[in-house]
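Worksheet for the structure shown next.
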Amino acid sequence: MLMKRIFTFAIALTLLLPLFGEVVIVKKGKPAGRILCLEDNSVTKDAAGLLQRFVHEVSGAFIPVIYDNNGKPVRGDVVIGGTCDAGEDGFRIVTQDGVLYIMSGGDKGVIHGVARLLEDYVGVHYYATRFYKIDEHRKNIVLPEIDRMVTPAFRYRQTQSYAFEDPVFKMWFGWEQPQEIFIGNMWVHTFNRILPSRRFGKEHPEYYALLNGERMPGDHSQWCLSNPDVFDACCRQLDSIFAANPGLDMISVSQNDGNDTYCHCDKCMKIYEEEGAISGAYIRFMNKLAERYPDKQFSTLAYLFTYQPPKKVKPLPNVNIMLCDIDCKREATLTDNESGQLFVEAMKGWSEISDNIFVWDYGINFDNQVSPFPNFHIMQPNIQLFKQNNTTMHFSQNNAIRGTDFAEMRTYMLANLMWNPYCDLDSVKRVFMDAFYGAAAPYIKEYQDMMEGALIASHKQLWIYDSPITHKDGFLCPALIKIYDQLFDKALEAVRNDSALTAHVRMSRLPLMYSKLEIARTSAETPADISEQLRLFEQWTKQYNVQYLNERANTPADYCALYRRRYMPAEVPSKALGAKIIYLDVPGLKVKGAYDVSPLGAPDKGYQPIAYAGALTDGLYGGTTFVESWVGWLGRDADFIVDLGRDTSFSRIEIDFLHQLGAWIMLPKGGTYQIATEADGMGNWKDFGSYTFAEDRDMQVKFVLGKAETPEPVHARYIKVHIDGLGFCPDWHYGVGYAGWFFLDEINVY
């Protein structure tokens with residue numbers, strides 16, 4: 001151990017001297033030296049293994065690896081270890097007297113140093129999962145004189161990417177994941193993990209938020225942070241968590257997911273008023289934890305109701321602010337759209353009181369992940385903005401599962417930006433496209449550039465719960481889709497003899513294919529080739545292992561089966577097609593939070609831009625995105641009449657409901673149908689049937705029928721519909737304490 005310390009110190013002294021000379025590490029296909037590792041740990045082993053593997057792939061030579069070497073390095077050796085001032089995850093690569101030294105600024109610095117050495121001096125280039133290229137295979141590897149130190153722009157760099165299935169890709173770009181730094185993988189929305197409501201809620205409801213005059217323990221409830229007993233209970237739990245997880249020092253103590261569910265008790269409200277922001281109560285609580293545990297880092301969310309900074313209290317140095325721009329639109333940079341400007345103002349406020357900021361940025365379409373999301377033009381300026389405002393940790397949540405919009409290129413570009421926000425991003429993009437698409441690259445680039453330009457010109461917003469249907473008159477209009485298809489046809493023709501590049505082009509075409517299917521279902525005129533489009537989409541998603549279409553884990557196979565059943569022309573049309581809807585003004589209590597509507601039985605003007613009666617009988621079914629075709633009620637019952645126009649014979653009535661828990665859209669309790677003939681008028685109703693729904697906690701998006709039928713046909717003109725809403729969201733849901741939605745689109749009569 002003493003010799004090791006002397007050797008490390010000798011390296012530090014030697015590197016103060018003038019540096020010169022090239023380093024020969026492979027000569028005539030044979031190793032010219034060794035890989036000397038100063039430490040025997042997983043990081044050093046990964047770095048040595050990475051270097052050994054790719055030197056062998058380039059030259060055929062296996063350089064031996066030696067750990068804890070106490071001797072002096074000789075010419076041709078590569079020394080991995082020692083320290084430098086490059087900062088966490090940074091590195092220094094330097095040559096001296098025929099020896100190459102790779103040193104770390106901390107954490108995984110030596111791995112990143114090896115990757116950069118291979119990239120810039122050996123000619124190995126990694127682009128995507130298990131996809132890399134070597135400039136040339138050669139028998140000699142000679143490194144020039146080098147003295148290079150690199151510090152990443154952010155000490156923690158995270159994204160989502162299926163590419164992490166390849167551990168080499170993850171190491172190559174220095175990506176990190178929450179479980180690597182957060183104790184017990186507790187990195188966001190942790191209130192219920194620390195004080196589970198199922199355990200504490202019954203005995204201590206006072207620990208939880210006061211909403212609408214009641215304490216609301218639940219899986220997504222917030223804490224009553226002004227209650228000193230909550231702090232004591234939290235500390236008891238943290239003591240156990242810390243004891244069970246030695247070796248890590250960072251943990252998230254952060255609000256559960258859900259909006260406006262913060263505590264409304266008098267004491268908490270007083271703190272909000274004093275601080276000018278709800279976050280004030282949270283930062284006061286975190287500072288108490290930070291003082292109690294000065295050797296720990298406490299991360300907490302500035303998200304939804306807490307994203308505005310407090311006016312008085314300042315986070316202590318070991319309080320990390322995880323700032324989220326979830327409500328911002330994506331068609332323009334954060335500084336150039338109204339929603340983004342509100343976020344920028346909040347971010348600057350946080351940066352004035354903290355230099356320990358973690359920005360969570362969203363470049364994802366949660367509802368339709370396999371659809372175009374042309375936001376490449378805003379990535380670099382936004383990341384530069386984060387860097388300029390004391391951001392030291394960054395998570396870019398992007399569409400990065402298989403089949404999403406340019407998932408591979410997004411990950412590659414983000415990797416470069418998180419190391420250097422001021423890199424030449426156009427060059428980075430061209431390098432990737434040339435490698436990943438080959439001869440198809442010019443057509444793919446034209447497609448992407450044209451789509452981005454069309455989005456900007458359309459003046460339509462791009463957001464994280466978007467639908468291709470929103471843009472069917474903009475960047476996904478018929479004329480542009482025709483050009484996009486032509487470009488992809490040319491791209492496929494250009495690489496027809498290369499199966500790997502063909503797969504890359506086909507994967508990149510999937511979002512366009514999905515968009516065409518989604519837009520087609522909104523038209524009364526079904527495209528003649530819709531069955532073939534659907535067959536090909538199903539084939540390719542299966543072939544390329546595209547597992548999900550949205551955040552809620554709906555699969556392509558389920559989508560295609562549902563499409564054939566739900567959206568293809570019906571053999572027997574509904575007898576309610578085009579029927580008139582009459583909303584009723586019925587007595588009843590309105591739940592707090594519901595919109596003012598008239599009559600009371602009419603839908604709310606909330607999520608959907610236009611709540612119109614025609615949507616219920618136009619024969620067009622809504623999709624997984626709640627913003628199109630659906631009509632919703634918030635916290636209330638629905639009451640309306642379907643006027644078929646004349647007495648009609650039928651035996652079945654059904655309504656199509658949406659189940660999407662993430663958007664606070666749940667199934668109602670149930671409903672009833674009554675009927676009347678033209679002669680009876682709308683005053684002599686007879687019962688037809690009813691239905692009920694069981695509670696459903698499944699996060700998948702579903703379409704569920706509220707159905708009733710009779711053994712024999714009945715004759716009637718009018719159908720009176722009553723739907724029994726849930727009222728408040730249940731205690732296990734994000735919206736605990738607030739009104740919940742139910743959505744429907746089609747009323748069918750058969």
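Only a predicted model underlies this, so the values are computations on that prediction, with no experimental measurement involved. Just so you know, residue 1 is the first one in the sequence shown, and it goes up from there.
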Considering only heavy atoms from C-beta outward, does the side chain of [X] approach that of [Y] to under 4.5 Å?
X	Y	result
Phe182	Val188	no
Val546	Val370	yes
Phe191	Val253	yes
Phe285	Val230	yes
Asn398	Thr411	no
Ile353	Ile321	no
Lys669	Thr692	no
Asp656	Leu705	yes

Hey, is [X] close enough to [Y] for a salt bridge, meaning N to O under 4.0 Å?
X	Y	answer
Asp89	Arg157	yes
Asp731	Arg198	yes
Asp466	Arg330	no
Asp405	Arg410	yes
Asp232	Arg292	no

Checking [X] side chain against [Y] main chain: does a donor-acceptor pair fall under 3.5 Å?
X	Y	result
Gln237	Ile194	yes
Ser252	Met186	no
Ser396	Thr159	no
Asn212	Gly737	yes
Asp745	Ser629	no
Asp724	Gly670	no
His394	Lys387	no
Thr391	Met393	no
Asn337	Ala332	yes
Asp249	Gln297	no

How far apart are the closest heavy atoms of [X] and [Y], and which atoms are they?
X	Y	answer
Ala739	Phe728	N-CD2, 3.9 Å
Leu385	Thr335	CD2-CG2, 4.1 Å
Asn287	Val319	OD1-CG2, 3.6 Å
Asn259	Phe305	OD1-N, 3.9 Å
Gly725	Pro668	CA-CB, 4.4 Å
Val736	Thr261	O-CG2, 3.8 Å

So, using ring pair (Phe, Tyr, Trp, His ring centres under 6.0 Å) as the criterion, who are the partners of [X] when residues are at least two apart?
X	result
Tyr272	Tyr262
His722	none
His220	Tyr734
Phe200	none

Check: Taking only residues two or more places apart in sequence, or in another chain, which ones meet Lys329 in a salt bridge (charged side-chain N to carboxylate O under 4.0 Å, His left out)?
Finding: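 Applying salt bridge (charged side-chain N to carboxylate O under 4.0 Å, His left out) to Lys329 gives none.
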Next item on the list: Just jot down the salt bridge (charged side-chain N to carboxylate O under 4.0 Å, His left out) partners of Lys460, sequence neighbours excluded, or say none.
Entry: none
Once you measure the plane-to-plane angle for [X] and [Y], does it fall in the parallel (<30°), tilted (30-60°) or perpendicular (>60°) bin?
X	Y	answer
Trp633	Phe742	parallel
Trp175	Phe164	tilted
Tyr691	Phe657	tilted
Phe366	Tyr362	perpendicular

Item checked: Aromatic contact, Phe395 with Phe358 (centres under 6.0 Å) -> no
So, using side-chain contact (heavy atoms from CB on, under 4.5 Å) as the criterion, who are the partners of [X] when residues are at least two apart?
X	value
Asn420	Tyr422, Cys423
Leu210	Arg215, Cys263, Cys265
Tyr548	Ile401, Ala553, Thr555
Asn185	Pro178, Gln179, Trp187

Next item on the list: May I have the step-by-step check of side chain to side chain contact (heavy atoms under 4.5 Å, CB included) for Phe343 and Leu323, ending in yes or no?
Entry: CA-CA 9 Å; Phe343 171 81; Leu323 179 60; 3.5 Å; yes
Check: Yes or no on side chain to side chain contact (heavy atoms under 4.5 Å, CB included) for Phe154 and Ile383, after CA distance, side-chain angles and deciding distance?
Finding: CA-CA 10 Å; Phe154 306 100; Ile383 289 178; 3.8 Å; yes
Next item on the list: Kindly indicate, with the supporting measurements, whether the criterion side chain to side chain contact (heavy atoms under 4.5 Å, CB included) is fulfilled by Asp229 and His204.
Entry: CA-CA 10 Å; Asp229 293 340; His204 294 288; over 6 Å; no
Please check if any side-chain donor atom of [X] sits under 3.5 Å from a side-chain acceptor atom of [Y], or the reverse.
X	Y	value
Asn550	Asn554	yes
Asp367	Gln660	yes
Thr404	Gln369	no

Next item on the list: Tell me, yes or no, whether the heavy-atom count around Glu338 atom CD, taken from other residues, nucleotides or ligands under 6.0 Å, exceeds 12.
Entry: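 No, the 6.0 Å shell around CD holds no more than 12 heavy atoms from other groups.
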Note to self: Please determine whether the number of non-hydrogen atoms from other residues, nucleotides or ligands lying under 6.0 Å from atom CG of Asp266 exceeds 12.
What the structure shows: no
Check: Can you pull the side-chain hydrogen bond (donor to acceptor under 3.5 Å, both in side chains) pairs that have at least one residue in residues 302-317, sequence neighbours excluded?
Finding: Gln255-Thr306, Asp257-Tyr303
Next item on the list: Let me see the working for Lys108 and Asp46 under salt bridge (charged side-chain N to carboxylate O under 4.0 Å, His left out), right down to the final yes or no.
Entry: CA-CA 9 Å; Lys108 300 180 181 66; Asp46 284 341; over 6 Å; no
Note to self: Considering only residues two or more places apart or on different chains, which pairs with a residue in residues 236-258 satisfy ring-ring contact (aromatic ring centres under 6.0 Å, His included)?
What the structure shows: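 Residue pairs with at least one partner in residues 236-258: Phe242-Tyr293.
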